[in-house]
A.B. asks: 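Dropping the structure in here first, questions after.
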Amino acid sequence: MRQRLAGAAAALLVLASVAACSPAAKPAQRPAQEQRAQKQPAQQQKPERAIGVVKTQRTAGAEIGEAEPVAGTTILHFAEPGGPGARLRGTHPVVIFHGPRTRKEVALTFDSNMTDAMLRRLADGKVKSYANSAVVDELQRSRTPATFFLAGKWVQAYPQLTRRIAADPEFQVASHSWAHEGFRGGCYGLGTIKRADMAADVERSFQVLGQYTGHATRYFRFPGGCYDAAALDAIAPVGCTVVEYDDVSGDAFGNNPARITADTVKQARPGSIVVLHITEANAPQTAIALPAIIKRLRGEGYRLVTLGDLLA
């Protein structure tokens, strides 16, 4: 009996060995991106630390100074981002100028600019406001979806309006950098951020947005729309999608709402991404032009959508 049991056991071991060597028993190879996305242990699915700022001085409710320098190699070890526009950290970002031309849809996007110089003018009383809440009023009144590219320092200066925007299911929020400095030289008079600090600046902006919503996108727009190949390389650790535009409203420093409306509607095409602003002092006519822009675009058969819906 014992001899028969020993023989059976030996046969089973042989069969198991054959099965293990069989091609059918080998685990399927996962794509490289999937392997990388799943390699982090569950307990590491949070950033090692929040990115701070070089200076702690606050002016007009926001921090003065650049985001704390953090090497891109360090940011690569942060949790992989999620949400619309998210890409694996280290992936070279794509740049989008418009959505599909096959659907008659348009995305209205609104930038909020905020530099240290703007904060000082606000604190000194030289400027009344850089927050145009009337734009949000009109969008909500007309039930118009929109996407807001918010600069981190603007968010800190206007937390109540940020909460209002983030709480509306018709809106999406995205990053317009943290310090709103130029990511290349010669960008509309903006200071130029150091290449080594670019990833930290953008990552900082997403962390600030994360304090107001758990549904922030991973879309990013360069300040002034200015960038070059070096800037794209520098922000690869962030894991985001860069969004530009193909319909320039001309509302920045524009004083003629009829002209802003006409230019916006004239440039619109299926899939267009319109750039507007909610920095009241720098774009004082946006809220005045907006009702006519919405009415005329809808009158021409366009469906106004969020950026996420446009790119879906």
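Computed from heavy atoms alone, side chains included, the values below leave out hydrogens, waters and symmetry copies. Predicted, not measured: the structure shown is a model, and the values here were computed from it.
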A.B. asks: Say whether, by atom type as modelled, one donor and one acceptor occur between the side chain of Thr264 and the main chain of Ile260 under 3.5 angstrom.
C.D. replies: yes
A.B. asks: Under a plain distance cut-off of 3.5 Å, with no hydrogens placed, do Glu63 and Gln57 share a side-chain donor-acceptor pair?
C.D. replies: no
A.B. asks: Would you call the rings of Phe183 and Phe222 parallel, tilted or perpendicular, taking 30° and 60° as the class edges?
C.D. replies: perpendicular
A.B. asks: Closest approach of Ala199 and Val238, non-hydrogen atoms and distance?
C.D. replies: O-CG2, 3.6 Å
A.B. asks: With the threshold set at 4.0 Å, does a side-chain nitrogen-carboxylate oxygen contact exist between Arg49 and Glu68?
C.D. replies: yes
A.B. asks: Does atom CZ of Phe97 have more than 12 heavy-atom neighbours, drawn from other residues, nucleotides or ligands, at distances under 6.0 Å?
C.D. replies: yes
A.B. asks: Please answer whether the main-chain N or O of Asn282 pairs with a side-chain N or O of Thr279 as donor and acceptor at a distance below 3.5 Å.
C.D. replies: no
A.B. asks: Salt bridge or not for Asp246 and Arg101, using N-O below 4.0 Å?
C.D. replies: yes
A.B. asks: Please check: side-chain N/O of Thr91 versus main-chain N/O of Arg87, any donor-acceptor pairing under 3.5 Å?
C.D. replies: no
A.B. asks: Give the intermediate values and the outcome of salt bridge (charged side-chain N to carboxylate O under 4.0 Å, His left out) for residues Arg259 and Asp263.
C.D. replies: CA-CA 6 Å; Arg259 177 67 179 272; Asp263 287 349; 3.1 Å; yes
A.B. asks: State plainly whether one hydrophobic cluster holds both Val127 and Ile278, where clusters connect Ile, Leu, Val, Met, Phe, Trp and Tyr through side-chain heavy atoms under 4.5 angstrom apart.
C.D. replies: yes
A.B. asks: Report whether Leu307 and Tyr227 are members of the same hydrophobic cluster (ILVMFWY, side-chain heavy atoms less than 4.5 Å apart, transitive linking).
C.D. replies: no
A.B. asks: The test is side chain to side chain donor-acceptor pair (under 3.5 Å); show your working for Gln140 and Asp168 and say whether it passes.
C.D. replies: CA-CA 9 Å; Gln140 291 182 325; Asp168 193 318; 2.8 Å; yes
A.B. asks: Within 45 degrees of the axis of the six-membered ring of Phe206 and under 6.0 Å from its centre: does Arg218 put its NZ or CZ there?
C.D. replies: yes
A.B. asks: Would one find more than 12 heavy atoms of other residues, nucleotides or ligands at under 6.0 Å from atom CZ of Arg184?
C.D. replies: yes
A.B. asks: Report the residue from Val208, Asn113, Val155 that forms a side-chain contact (heavy atoms from CB on, under 4.5 Å) with Leu150.
C.D. replies: Val155
A.B. asks: Answer yes or no: is there a donor N or O on one side and an acceptor on the other, between the side chain of Tyr302 and the main chain of Ala268, under 3.5 Å?
C.D. replies: yes
A.B. asks: Kindly work out whether a path of hydrophobic side-chain contacts (I/L/V/M/F/W/Y, heavy atoms less than 4.5 Å apart) joins Leu190 to Val202.
C.D. replies: no
A.B. asks: Closest approach of Ala60 and Leu119, non-hydrogen atoms and distance?
C.D. replies: CB-O, 3.8 Å
A.B. asks: If Ile, Leu, Val, Met, Phe, Trp and Tyr residues are connected whenever their side-chain heavy atoms lie under 4.5 Å apart, and connections chain through other members, are Val305 and Phe171 in the same group?
C.D. replies: no
A.B. asks: If you count the non-hydrogen atoms of other residues, nucleotides and ligands that lie under 6.0 Å from CZ in Arg269, is the total more than 12?
C.D. replies: no
A.B. asks: What I want to check is whether the side chains of Arg221 and Tyr245 have a donor and an acceptor closer together than 3.5 Å.
C.D. replies: no
A.B. asks: Quick one: do the Ser272 and Asp247 side chains pair a donor with an acceptor below 3.5 Å?
C.D. replies: no
A.B. asks: Would you name the heavy atoms of Ser177 and His180 that are closest together and state the gap between them?
C.D. replies: OG-N, 2.9 Å
A.B. asks: Is the shortest distance from a Lys or Arg side-chain nitrogen in Arg89 or Glu203 to a carboxylate oxygen in the other one below 4.0 Å?
C.D. replies: yes
A.B. asks: Do you see a donor-acceptor pair shorter than 3.5 Å between the side chains of His277 and Asp251?
C.D. replies: yes
